[in-house]
Amino acid sequence: MACMNEHYPFKLTPLPYPCDALEPYIDKLTVEVHHDRHQAGYVKKLNEALADCPEYHCWSLEQLICGCAQLPPNIRRDVYRNACGVWTHELYFDCMTPNQTAPHPCGRLAQAIDKCFCSFDRFRDVFTQTAAARFGSGWAWLACAPDGGLRVFSTPNQDTPLTRGLRPILCVDVWEHAYYLKYMNLRADYLDAWWHIVDWQFAEENYIFETG
């Protein structure tokens, strides 16, 4: 879940699988356009926004997102939007795998889901409904609070759970460019397909919280 280069100039992180690896659930062309144009565009614009501000060239993506209020007003909006765009897309592509070994989580995350949502099926319904209900462009998230409790919610545009003090575990992109070439306006069909390629091992690794 880290950018290929942690600091300016940021670079586009390669996909963790070939562009056609998520077929038939997400088509090759969608993945290519999404990664090579949309995500790459955020990287390019982020670097452009930071080019004349060397005092922030050592800041990581998370620092730029969470500390955006400290940035000069003339670059604040562009840096925040594009840093979030890079960060959210890296997590999104890492959340998926062509080699899903199980249709649901196991271990501590599975236990936490059962505790918070009573069952995995109930969690899946809540997450899907949250993603489907996001008006316009945005994301749906499974995130972890400092005490290990789980939260499901959506954010508009490129906003992330980082500014809420939460650690993201999974996300799904519900901007139209994430699914329109294959599913057109049928967001629900895209979400149903997405569950077949969720990387639950990756999600388990992201389930980190404070203890004691």
Has the side chain of [X] got a donor or acceptor atom that lies under 3.5 Å from a matching backbone atom of [Y]?
X: R167; Y: N206; value: yes
X: R81; Y: L46; value: no
X: E23; Y: K28; value: yes
X: E204; Y: L109; value: yes
X: N82; Y: D78; value: yes
X: R122; Y: F117; value: no

Nearest 0.5 Å, please: how far is [atom2] in [Y] from [atom1] in [X]?
X: R108; Y: C144; atom1: CZ; atom2: SG; answer: 8.5 Å
X: I26; Y: D20; atom1: CD1; atom2: CG; answer: 13.0 Å
X: Q70; Y: L64; atom1: CD; atom2: CG; answer: 10.5 Å
X: D94; Y: D199; atom1: CG; atom2: CG; answer: 8.5 Å
X: L50; Y: H7; atom1: CG; atom2: NE2; answer: 12.5 Å
X: C84; Y: E62; atom1: SG; atom2: CD; answer: 10.5 Å

May I ask you to test the [X]-[Y] pair for a side-chain heavy-atom distance under 4.5 Å?
X: T30; Y: Y183; answer: no
X: I113; Y: P105; answer: yes
X: L170; Y: C95; answer: yes
X: Y179; Y: N185; answer: no
X: V174; Y: L191; answer: yes
X: L22; Y: M96; answer: yes
X: Y8; Y: W59; answer: no
X: I169; Y: L150; answer: yes

TODO: Quick one: do Q158 and Y42 satisfy side-chain hydrogen bond (donor to acceptor under 3.5 Å, both in side chains)? Show the steps, please.
DONE: CA-CA 11 Å; Q158 297 297 352; Y42 287 117; 2.7 Å; yes
TODO: Determine, stepwise, if the pair C53 / I75 fulfils side-chain contact (heavy atoms from CB on, under 4.5 Å).
DONE: CA-CA 9 Å; C53 297; I75 67 167; 3.6 Å; yes
For [X] and [Y], I'd like to know if the aromatic rings sit close, meaning centre-to-centre distance below 6.0 Å.
X: W139; Y: H89; answer: yes
X: W195; Y: Y25; answer: no
X: W87; Y: F10; answer: no

Mind listing the closest non-hydrogen atom pair of [X] and [Y] along with its distance?
X: S154; Y: T130; value: N-CG2, 3.7 Å
X: L61; Y: E90; value: CD1-OE1, 4.4 Å
X: A145; Y: R151; value: CB-NH2, 3.8 Å
X: R134; Y: T155; value: NE-O, 3.6 Å
X: F127; Y: V172; value: CE2-CG1, 3.6 Å

Look at the side-chain heavy atoms of Ile, Leu, Val, Met, Phe, Trp and Tyr, link any pair under 4.5 Å apart, and say whether [X] and [Y] land in one connected group.
X: M184; Y: V33; result: no
X: F120; Y: W194; result: yes
X: W175; Y: L181; result: no
X: V126; Y: W200; result: yes
X: L71; Y: L162; result: yes

TODO: Applying side-chain contact (heavy atoms from CB on, under 4.5 Å), run through D159 and Y80 and close with a yes or a no.
DONE: CA-CA 9 Å; D159 288 351; Y80 176 77; 3.1 Å; yes
More than 12 heavy atoms of other groups within 6.0 Å of [X] [atom1]:
X: E48; atom1: CD; result: yes
X: N74; atom1: CG; result: yes
X: K182; atom1: NZ; result: yes

TODO: Could you check H177, H38, H34 and say which one makes a ring-ring contact (aromatic ring centres under 6.0 Å, His included) with Y92?
DONE: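 That would be H34.
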TODO: Carefully, step by step, assess V86 and T13 under the rule side-chain contact (heavy atoms from CB on, under 4.5 Å).
DONE: CA-CA 9 Å; V86 176; T13 304; over 6 Å; no
Open item on the list: The test is side-chain contact (heavy atoms from CB on, under 4.5 Å); show your working for T97 and I197 and say whether it passes.
Closed with: CA-CA 5 Å; T97 177; I197 47 177; 5.6 Å; no
